[in-house]
Q: 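Got a structure for you, questions after.
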Amino acid sequence: MINLEEIKEQEIDLDKVYDYAEFPDKISGRCDNCNSSYFKSSVKCGVFLRECRDCSMKKSI
């Protein structure tokens with residue numbers, strides 16, 4: 001299992017969907033990768049997915 005300190009040291013994989021419970025925002029409401037606050041959201045099968053519109057980093061909320 002990867003902890004939060006390890007993900008800070010390694011580069012963020014934009015193809016992976018991160019779980020918000022395991023990897024909360026470094027700055028609330030901002031993308032961890034590019035610091036943007038512009039997201040698009042979707043719900044599928046009861047899972048809320050938030051995707052950054054600038055860099056495409058995804059988190060399931």
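As the structure is a computational prediction, the values presented were derived from the model and not from experiment. Only heavy atoms go into these numbers, but all of them, side chains included; no hydrogens, no water, no symmetry mates.
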Q: According to a hydrophobic-cluster definition based on side-chain heavy atoms being under 4.5 Å apart (Ile, Leu, Val, Met, Phe, Trp, Tyr only), do Leu14 and Val17 belong together?
A: no
Q: List the steps, then state whether side-chain contact (heavy atoms from CB on, under 4.5 Å) holds for Leu49 with Val43.
A: CA-CA 6 Å; Leu49 187 66; Val43 177; over 6 Å; no
Q: Rounded to the nearest 0.5 Å, what's the gap from OH on Tyr20 to OG on Ser60? Could you check?
A: 11.5 Å
Q: Which distance, rounded to the nearest 0.5 Å, do you find between the CD of Glu51 and the OG of Ser56?
A: 4.5 Å
Q: Over all heavy atoms of both residues, which pair between Phe39 and Gly29 is shortest? Give the atoms and the distance, please.
A: CE1-O, 3.4 Å
Q: Counting N and O atoms only, with roles assigned by atom type, does the side chain of Lys59 sit under 3.5 Å from a partner on the main chain of Phe23, one being a donor and the other an acceptor?
A: yes
Q: Distance from Cys55 atom SG to Asn33 atom CG, nearest 0.5 Å?
A: 4.0 Å
Q: Answer yes when Asp13 and Lys58 have at least one side-chain N-carboxylate O distance shorter than 4.0 Å, and no when they do not.
A: no
Q: Check whether Asp32 reaches the backbone of Lys26 with its side chain - one donor and one acceptor, N or O, closer than 3.5 Å.
A: yes
Q: If we only count heavy atoms from C-beta on, is the Cys31 to Ser37 side-chain gap below 4.5 Å?
A: no
Q: Does Asp25 form a side-chain contact (heavy atoms from CB on, under 4.5 Å) with Arg50? I'd like the steps, not just the answer.
A: CA-CA 12 Å; Asp25 294 341; Arg50 183 184 78 178; 2.8 Å; yes
